[in-house]
Colleague: 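So that we are looking at the same thing, I have put the structure below in structure tokens.
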Amino acid sequence: MVNPLEVPPYRLQPLIPSMTAGTVTCAQAFGSEIYVGCSNGELLRYALHPDADPIKLDAYNLLSQQSHPLGKQIDELILVPCIARALILCDRQFHIYTLPSLDLVPNIKPIRNVEALAVDHNHLQRPAAISLTTRATSTSAILPTERGKNDAVDLCVIKRSTIAMYSLGEEKLTYTREIPFRSGALRAQRSGQHLCIATADIYSVIDLATAQMFELLPVTQVEGTAGTIKPHILVISPSEFLLLSWTGGSTLGLFINGEGDPVRGTLQWPAHPVSVCLDYPYLTTLLPNGTIEVHSVETQAIIQAIIAPTFGEERKPGLVSCLAGYAAPSSERGDKMRKVKVGLVRSGKVGLKVDDEKVHEGQNEKMKEVEKEKDTDVPSVSI
């Protein structure tokens, strides 16, 4: 039996060695581009450029740099590839930008007093818009609907005392309705008609169709530590969430469905994770000591352990999950390439002698088979 620790599914690889715009506060990637938000309000866009030398690795280069209108820290960056949009949360306001150019969408005013933002996870997994995957062609007119480009996405904006529901298309943000909620939301994730919210002390799940709310479990089970433990919520599958709760000596990970019932098994970490990401069927967590643990969602077993690189005391690492995937330069192709001498054949000379009689004999047999097929009225297909 193969030891799962001997079959590592992940490895660390640098993508952008350094940047001078400011401290990175959030980042996302799609395809061959990486989008970065900084503490000084800068928005950076990097693109992967192939190197002319096949031996050298391709590299991500800075394509554009701009400042957010508010000039303050970028708190969250959500990519919505199916409508080619990016949602950016800054100073409790969220603005809508275009992808891939990161231009502000005109005629859509920012929403203010936002405590948390949750886009329907099911909609984030839709195929990307045609404009992000291929150039327009004469036959592409029927593709956007098939690929979900024109389908609006649903999202929730959690404010101080309400949860407002919106529908976002390419050019329009439509308000749907709102339901009351207490203040203090720190994190939120939505899957279909279920919204999971974390405050400083407790996780709750809300049925958006009926506006019913159920309290699930505390963020920390240690008295007097509420507000000091970071809540974590992940969408595992449609209407299934993973919640992390600190017990004082370890952190438990519980899988619950939209009704608040536990499913699967329980995960456990020796310390409270700094970051948690899902790359189904794997779950990656960054621990305070710099270790990255990889668990199987199906079996809850540890698959791999990696030591994260050190960035210094002032620069703390974090993990980011990119739903649509992205391109990473690899040296494996270059390592397998080597120069090989190839013999060339001059015109009029053949490198191999062929028996002409055998060639004609084979051609005659082939003609007989074709004539036989014609006689039996078997339809022929050309490929």
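Small disclaimer: the values here were computed from a predicted structure and weren't measured.
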Colleague: Are the side chain of Arg187 and the backbone of Pro231 linked by a donor-acceptor contact shorter than 3.5 Å?
Modeller: yes

Colleague: Please check: side-chain N/O of Arg85 versus main-chain N/O of Glu170, any donor-acceptor pairing under 3.5 Å?
Modeller: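 At least one qualifying donor-acceptor pair exists.
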
Colleague: Roughly how far, to the nearest 0.5 Å, is CZ of Phe94 from CD1 of Ile111?
Modeller: 4.0 Å

Colleague: Would His123 and Ile83 satisfy side-chain contact (heavy atoms from CB on, under 4.5 Å), going step by step from the backbone distance to the final call?
Modeller: CA-CA 10 Å; His123 294 177; Ile83 56 173; over 6 Å; no

Colleague: With distance as the sole criterion, is a donor-acceptor pair present between the side chains of Ser183 and Glu115 under 3.5 Å?
Modeller: no

Colleague: Heavy atoms, side chains only, cut-off 4.5 Å: are Leu48 and Tyr326 in contact?
Modeller: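 No, too far: nothing below the 4.5 Å cut-off.
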
Colleague: Do Val276 and Thr284 pass the side-chain contact (heavy atoms from CB on, under 4.5 Å) test, and can you show the C-alpha distance, the side-chain angles, and the key distance before you say yes or no?
Modeller: CA-CA 6 Å; Val276 185; Thr284 58; over 6 Å; no

Colleague: Say whether, by atom type as modelled, one donor and one acceptor occur between the side chain of Glu240 and the main chain of Val263 under 3.5 angstrom.
Modeller: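 No, because the side chain of Glu240 does not come within donor-acceptor range (under 3.5 Å) of the backbone of Val263.
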
Colleague: Tell me, do Leu323 and His121 make a side-chain contact under 4.5 Å, heavy atoms counted?
Modeller: yes

Colleague: Could you check whether any side-chain N or O of Tyr203 sits under 3.5 Å from a backbone N or O of His232, counting only pairs where one atom can act as donor and the other as acceptor?
Modeller: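 It does hold such a pair.
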
Colleague: Do Phe241 and His194 have side-chain heavy atoms sitting under 4.5 Å apart?
Modeller: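 Sidechains of His194 and Phe241: in contact.
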
Colleague: Begin with the C-alpha distance, continue with both residues' side-chain angles, and end with the deciding distance and a verdict on side-chain contact (heavy atoms from CB on, under 4.5 Å) for Phe30 and Leu99.
Modeller: CA-CA 10 Å; Phe30 173 76; Leu99 288 178; 6.0 Å; no

Colleague: Taking the side chain as C-beta and beyond, is there a heavy-atom pair between Val274 and Leu287 under 4.5 Å?
Modeller: no

Colleague: I'd like to know if the side chain of Ser275 reaches the main chain of Leu319, judged simply by a donor and an acceptor atom lying under 3.5 Å from each other, with no hydrogens or angles considered.
Modeller: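 Present.
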
Colleague: How about Asn107: does its CG atom have over 12 heavy atoms from other parts shown lying under 6.0 Å from it?
Modeller: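 Not buried by this count: 12 neighbours or fewer within 6.0 Å.
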
Colleague: For a side-chain hydrogen bond (donor to acceptor under 3.5 Å, both in side chains) check, start with the C-alpha distance between Thr225 and Thr228, then their side-chain angles and the critical distance, and finish with the verdict.
Modeller: CA-CA 6 Å; Thr225 59; Thr228 63; 4.6 Å; no

Colleague: Grouping I, L, V, M, F, W and Y whenever their side-chain heavy atoms are under 4.5 Å apart, do Val222 and Leu254 come out in a common cluster?
Modeller: yes

Colleague: Look up atom CD in Glu76 and atom CD in Gln28, then write down how far apart they are to the nearest 0.5 Å.
Modeller: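 So the gap between those two atoms works out to 9.0 Å.
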
Colleague: Answer yes or no: is there a donor N or O on one side and an acceptor on the other, between the side chain of Ser39 and the main chain of Gly22, under 3.5 Å?
Modeller: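 Checked: no pair found.
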
Colleague: With a 4.5 Å cut-off on side-chain heavy atoms, are Thr25 and Asp75 touching?
Modeller: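 Not in contact.
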
Colleague: Taking side chain as C-beta onward, heavy atoms only, is Cys38 less than 4.5 Å from Ile74?
Modeller: no

Colleague: Could you check if a side-chain atom of His68 sits within less than 4.5 angstrom of a side-chain atom of Asp91, using non-hydrogen atoms only?
Modeller: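 When only atoms from C-beta onward are counted, Asp91 and His68 do not touch, as no gap falls below 4.5 Å.
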
Colleague: Between the side chain of Arg190 and the main-chain N/O of Gly192, is any donor-acceptor distance below 3.5 Å?
Modeller: yes

Colleague: Would you say that Leu168 contacts Leu87 through its side chain, given a criterion of any heavy-atom pair below 4.5 Å between the two side chains?
Modeller: yes

Colleague: Do Leu186 and Val119 share a hydrophobic cluster (ILVMFWY, side-chain heavy atoms under 4.5 Å, transitive)?
Modeller: no

Colleague: Can you tell me how far CG of Leu283 sits from CD1 of Ile303, rounded to the nearest 0.5 angstrom?
Modeller: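 Rounded to the nearest 0.5 Å, the CD1-CG separation comes to 11.0 Å.
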
Colleague: Can you see whether Glu215 engages Ser204 through a side-chain donor-acceptor pair at a distance of less than 3.5 angstrom?
Modeller: no

Colleague: Can you establish whether the number of heavy atoms outside Tyr166 located under 6.0 Å from its atom OH is more than 12?
Modeller: yes

Colleague: Please walk me through it: do Glu42 and Met19 pass side-chain contact (heavy atoms from CB on, under 4.5 Å)?
Modeller: CA-CA 11 Å; Glu42 293 293 297; Met19 55 183 66; over 6 Å; no

Colleague: Give the cluster check for Trp246 versus Leu286: same hydrophobic cluster or not, with ILVMFWY residues linked at side-chain heavy-atom distances below 4.5 Å.
Modeller: no

Colleague: Going only through I, L, V, M, F, W and Y residues with side-chain contacts under 4.5 Å, is there a path from Leu70 to Ile88?
Modeller: no

Colleague: Which value, rounded to the nearest 0.5 Å, describes the distance between Ile179 atom CD1 and Thr210 atom OG1?
Modeller: 8.5 Å

Colleague: Under 3.5 Å, which donor-acceptor pairs do the side chains of residues 152-164 form with other protein atoms, sequence neighbours left out?
Modeller:
none

Colleague: With rounding to the nearest 0.5 angstrom, report the CG to NE2 distance, Leu267 to His295.
Modeller: 5.5 Å

Colleague: When rounded to the nearest 0.5 angstrom, what distance separates CD in Glu293 from CD in Gln304?
Modeller: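 It is 11.0 Å, given to the nearest 0.5 Å.
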
Colleague: Same cluster or not: are Leu124 and Ile236 linked, directly or through other Ile, Leu, Val, Met, Phe, Trp or Tyr residues, by side-chain heavy atoms under 4.5 angstrom apart?
Modeller: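 In one cluster with Leu124: Ile236, no.
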
Colleague: Sub-3.5 Å donor-acceptor pair from the side chain of Thr251 to the main-chain atoms of Trp269, do we have one?
Modeller: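 Not at all, since once roles are kept as given, no pair shorter than 3.5 Å links the two residues.
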
